[in-house]
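Keep in mind the model is a prediction, meaning the values are calculated, not measured.
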Amino acid sequence: MLEVFLKVMDKIHIKEIAFSVLVVCGIILFVPDTFMETLGLFLWRDKYRSLVGLIFLFCLTCCIVWLFIYLKREISHGNLRLRRVTRKYLKSLISTEEKNFLIENYYDPTMKEFSNMARVDLTSGNVVSLSVAHIIYTGNRMGHGPTNWSYNLQPSVRMYLNKAVRKKKIVVDKDGYTWNL
């Protein structure tokens, strides 16, 4: 029975409805009197102000609780924690060999940016260390020998590295590269 209730609640998008009701109630409560007179809703608002206010407070409370739950999840288990780990690794802990690995496999010199996917050699020790640091992840589970495994850059890492390339913090040319994150 609970599963059916949760499926129904998911189908009707209760969070979106609560936010919409919150906005409408906020407009009804806080719009100036002259505007409400123009719409012809001034007397209606005065008659039902307390009910609209209760609905507004209920929806506001629900939205704040959902926001706190979302932020708690993101901070403790989600992308923000992973972003901190990956950025710290890219700024201070990454070795020269791992930098070379990323540039050789993921940097596209014609586009002058880091690409999403590369086929890498599993016998390299860099694959494991970069995977543990959440820099790269397995693109698929099938490979052809030890040198043809698909690994992708994490989306947030790719955006961060491409932004660093645009800001000239990472410069790659035919003579080598400079890495100043």
Side-chain angles (χ1 to χ4, degrees), residues 1-94 102 106 108 111 113-118 127 129-142 150-167 169-170 181:
M1 184 68 181
L2 182 62
E3 290 178 19
V4 173
F5 176 73
L6 291 175
K7 285 182 182 179
V8 168
M9 294 302 284
D10 189 40
K11 294 286 184 192
I12 62 172
H13 303 285
I14 192 72
K15 292 178 184 176
E16 290 86 357
I17 292 171
F19 183 74
S20 301
V21 170
L22 175 74
V23 169
V24 169
C25 288
I27 290 171
I28 290 171
L29 289 174
F30 301 114
V31 163
D33 292 340
T34 56
F35 186 73
M36 291 303 279
E37 285 176 1
T38 305
L39 292 176
L41 297 174
F42 182 73
L43 294 175
W44 181 87
R45 179 175 74 176
D46 282 347
K47 184 176 180 182
Y48 295 107
R49 183 175 287 234
S50 60
L51 182 62
V52 172
L54 287 174
I55 294 170
F56 177 79
L57 287 176
F58 177 75
C59 290
L60 181 65
T61 305
C62 290
C63 289
I64 289 173
V65 167
W66 290 326
L67 180 67
F68 279 130
I69 290 170
Y70 171 76
L71 290 175
K72 182 181 177 247
R73 242 186 244 146
E74 284 296 314
I75 290 170
S76 63
H77 302 293
N79 295 331
L80 295 178
R81 187 183 66 79
L82 287 178
R83 245 183 240 151
R84 276 194 314 257
V85 168
T86 58
R87 299 240 170 115
K88 180 179 179 185
Y89 193 85
L90 287 171
K91 286 180 181 180
S92 59
L93 301 175
I94 191 167
L102 286 175
Y106 292 98
D108 184 6
M111 298 296 289
E113 68 178 16
F114 284 86
S115 63
N116 185 38
M117 187 205 65
V127 172
S129 62
L130 291 173
S131 295
V132 169
H134 303 289
I135 306 294
I136 62 175
Y137 64 97
T138 307
N140 60 17
R141 298 284 181 205
M142 294 179 58
S150 172
Y151 274 83
N152 297 340
L153 275 174
Q154 293 284 352
S156 62
V157 171
R158 181 175 179 239
M159 289 185 335
Y160 181 68
L161 291 175
N162 285 333
K163 187 185 287 186
V165 168
R166 285 191 297 275
K167 290 183 176 182
K169 291 183 178 183
I170 298 175
L181 292 178

- Message: Can you tell me how far apart OG (S156) and NE2 (H134) are? Round to the nearest 0.5 Å.
- Response: 10.5 Å
- Message: Please determine whether side chain to side chain contact (heavy atoms under 4.5 Å, CB included) holds for the pair V165 and E113, giving the CA-CA distance in whole Å, both sets of side-chain angles, and the decisive distance to 0.1 Å.
- Response: CA-CA 7 Å; V165 168; E113 68 178 16; 5.6 Å; no
- Item | side chain to side chain contact (heavy atoms under 4.5 Å, CB included) involving L54 - partner list, sequence neighbours excluded | none
- Task: Please report the C-alpha distance between I55 and Y48 in whole Å, then the side-chain angles of each, then the deciding distance to 0.1 Å, and finally whether the side chain to side chain contact (heavy atoms under 4.5 Å, CB included) criterion is met.
- Result: CA-CA 11 Å; I55 294 170; Y48 295 107; over 6 Å; no
- Item | Sidechain-backbone polar pair: T138 side chain, Y151 backbone, donor-acceptor under 3.5 Å | no
- Task: Quick one: which residue pairs count as a salt bridge (charged side-chain N to carboxylate O under 4.0 Å, His left out) with a foot in residues 16-25, not counting sequence neighbours?
- Result: none
- Message: Just to verify, what does E37 make a salt bridge (charged side-chain N to carboxylate O under 4.0 Å, His left out) with, not counting sequence neighbours?
- Response: none
- Message: For residues 50-63, which residue pairs pass the salt bridge (charged side-chain N to carboxylate O under 4.0 Å, His left out) check, not counting sequence neighbours?
- Response: none
- Message: Could you report the tightest heavy-atom contact between A133 and V85, atom names first, then the distance?
- Response: O-CG1, 4.2 Å
- Provide the closest heavy-atom pair for V127 versus I136 in the form atom of the first, atom of the second, distance. O-CD1, 3.9 Å
- Message: Please list all pairs meeting salt bridge (charged side-chain N to carboxylate O under 4.0 Å, His left out) that have one or both residues in residues 48-69, counting only residues at least two apart or in different chains.
- Response: D46-R49
- When rounded to the nearest 0.5 angstrom, what distance separates CD1 in I27 from CE in M36? 10.0 Å
- L90 to L181 - nearest heavy-atom pair and separation: O-CD1, 3.7 Å
Quiz: residues 58-71 side-chain donor-acceptor pairs under 3.5 angstrom, not counting sequence neighbours:
unit_1	atom_1	unit_2	atom_2	d
T61	OG1	L57	O	2.7

- Message: Nearest 0.5 angstrom please: R45 CZ to D33 CG, how far?
- Response: 4.5 Å
- Message: How long is the straight-line distance from CD of Q154 back to OH of Y160, given to the nearest 0.5 Å?
- Response: 15.5 Å
- Message: Against I135, only a single residue in T86, L161, I94 fulfils side chain to side chain contact (heavy atoms under 4.5 Å, CB included); can you say which?
- Response: T86
- Note on the structure: Applied to residues 17-43, the ring pair (Phe, Tyr, Trp, His ring centres under 6.0 Å) test, sequence neighbours excluded, yields F30-F56
- Query: Mind checking what makes side chain to side chain donor-acceptor pair (under 3.5 Å) contact with N116, not counting sequence neighbours?
  - Reply: none
- Query: Who passes side chain to side chain donor-acceptor pair (under 3.5 Å) against Y89, sequence neighbours left out?
  - Reply: E98
- Message: My understanding is that only residues two or more places apart in sequence, or in another chain, count here; which of them pass salt bridge (charged side-chain N to carboxylate O under 4.0 Å, His left out) with R166?
- Response: none
- Message: Working to the nearest 0.5 angstrom, can you tell me the gap between L153 CG and S115 OG?
- Response: 7.0 Å
- Item | side chain to side chain contact (heavy atoms under 4.5 Å, CB included) against T38, all qualifying residues, sequence neighbours excluded | none
- Query: Which residues satisfy the side chain to side chain contact (heavy atoms under 4.5 Å, CB included) test with K167, sequence neighbours excluded?
  - Reply: K163, K169
